[in-house]
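The next block holds one structure in the form of structure tokens; read it before the comments.
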Protein chains: 2
Amino acid sequence: MPRTLLERPDAVRALAGVFRRRGFESSSLSVIQQEAGIGRGSLYHFFPEGKTDMARAVLDQVGDWFEDEVFAPLRSATDAAEAVSAMTKAVADYFVSRENVCLFAAMTLGEEKETFAGEVKAYFVDWVDALAALLQRGGLNAGDAHENALDVVAMIQGGLIITRAYGDESTFLGVMERVERRLLAHLS
Amino acid sequence: MPRTLLERPDAVRALAGVFRRRGFESSSLSVIQQEAGIGRGSLYHFFPEGKTDMARAVLDQVGDWFEDEVFAPLRSATDAAEAVSAMTKAVADYFVSRENVCLFAAMTLGEEKETFAGEVKAYFVDWVDALAALLQRGGLNAGDAHENALDVVAMIQGGLIITRAYGDESTFLGVMERVERRLLAHLS
DNA sequence: TACAAGCTGTACTAAACAGTACAGCTTTTG
DNA sequence: CAAAAGCTGTACTGTTTAGTACAGCTTGTA
């Protein structure tokens, strides 16, 4: 095997940063080169189909992180209250350290919304369903569990929007605190 | 005065449709011409500064609608419960008939987020503050009123995201129903 | 030390882009 | 009915875009 100066996952991480900061559509190849510090040659080496490939790789990586750190723990948890606190903490830390941007939410708008509709839907369905199942195990009936899970995920996503609009990340943290409190109240 | 075949407000309405459907950044001038049915000449006649002018005009028009139909009624209402129901109905009807897209929320991402940061912040601040003031008049203390107002606006915005991801507008309508129920519960 | 294979910068192409200029059209006003 | 003024299509410019081609570099392996 030859050298591996830059690994694909590193490239994906750098791309994710650019897409979060500038949005997918206004990240031109020249901007990506500059901000991610990756040349055109490397970019097309790792992502032969261009920007679409890059976006897919970024969404995959984010989706994997949520699967491992959020959805799977929700599904396998035995203590519902503990799982709720772990989820809110993980999610809050994640978005605060990622410029308060959810790339899946961003993909519900713009040109390529159809291209990634499947992945985007799966992300939200997985999250809502995993949380709903946990709430059901915590004592809620199926309907209430699903409605509460949906409302909570919506509140988190809306909280991100408002905190970006306000330019003040404490707003998002406040939303996350109340999300946790609300879920715990339902479980007691 | 000479003829007025196409008025500026009509042009703005057409532009809003294009921006909602395709996103601001991927609406090129040729796409706008085609989908809005307005030629290049007319576009630069009405919006001399180009796309930035167009976006500003669209945001202004949407902002005016919300001011007149949502924020002002919230501020001047005497019956809090009635005002809450009026707001949820107006907002639900608005977004359902506008492809479940909030253009102000869309402007918190992408290239021009800084250009319109002021307008975007004002929109959310006006909404949250008007609703918070109403809840306070309805008996909540200042802190609870503000938190609930913020959470509700977040839930609405997040509901739009999830309904677009699900490709099923009944999800958003469900969120709006529970928003209304929750607010009414706080007022009783 | 030499080969193999992954990685990378540079130069290039064709298409799409935002924005300009302007002649000419249409309709209201006097 | 003529003039004024708003509106509109077309042709154009220079720039930026995504994507390609490829020579050459770097490093692990034999």
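For clarity, every value in this text was computed on a predicted model and none was experimentally measured. To find a chain, count down the sequence lines: A is the first, B the second, and so on, and within it residues start at 1.
In this structure, the side chain of A:Ser76 engages the main chain of A:Ala72 through a donor-acceptor pair within 3.5 Å. A donor-acceptor contact shorter than 3.5 Å is absent between the side chain of A:Asp144 and the backbone of A:Leu140.
Nucleotide C:dT8 holds its P atom 10 Å from the CG atom of A:Asp10, rounded to whole Å. Atom-to-atom, CG of B:Leu43 to P of C:dC17 comes out at 14 Å; the value is rounded to the nearest Å. What separates CZ of B:Phe46 from C1' of D:dT8 is a distance of 10 Å, to the nearest Å. Distance CD (B:Gln33) to C1' (C:dA16): 13 Å, rounded to an integer number of Å. Atom CZ in B:Arg8 sits roughly 18 Å away from atom C1' in D:dA5 (whole-Å rounding). The interatomic distance linking B:Glu7 (CD) with D:dT8 (C1') rounds to 15 Å, in whole Å. Distance, B:Arg22 CZ to C:dA16 C1': 13 Å, rounded to whole Å.
A:Glu69 and A:Lys89 are not joined by a salt bridge, as no carboxylate oxygen comes within less than 4.0 angstrom of a charged side-chain nitrogen. Using a cutoff of 4.0 Å between basic side-chain nitrogens and carboxylate oxygens, A:Asp151 and A:Arg182 are scored as salt-bridged.
At a cut-off of 3.5 Å, with distance as the only test, no side-chain donor of B:Thr163 or B:Glu169 sits close to an acceptor on the other residue.
Side-chain N/O atoms of A:His45 include one lying less than 4.0 angstrom from OP1 or OP2 on C:dC7.
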Pair up each side-chain donor or acceptor in residues 111-124 of chain B with any protein partner under 3.5 Å, not counting sequence neighbours, and list the distances.
unit_1	atom_1	unit_2	atom_2	d
B:Lys113	NZ	A:Arg21	O	2.8
B:Glu119	OE2	B:Arg56	NH1	2.9

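Using cut-offs of 30° and 60° for the angle between ring planes, the A:Phe24 and A:Phe19 rings count as perpendicular. The aromatic rings of A:Tyr94 and A:Phe66 sit perpendicular, their planes meeting at an angle over 60°, well past the 30° parallel limit.
Applying a 4.0 Å cut-off to non-hydrogen atoms, none of the residues of residues 106-115 of chain A approaches DNA chain C.
Heavy-atom neighbours of B:Glu99 CD from other residues, nucleotides or ligands within 6.0 Å: above the threshold of 12.
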Let me have a per-nucleotide readout for nucleotides 16-23 of chain D, 5' to 3', with B, S or -, counting only protein heavy atoms under 4.0 Å. -SBBB---

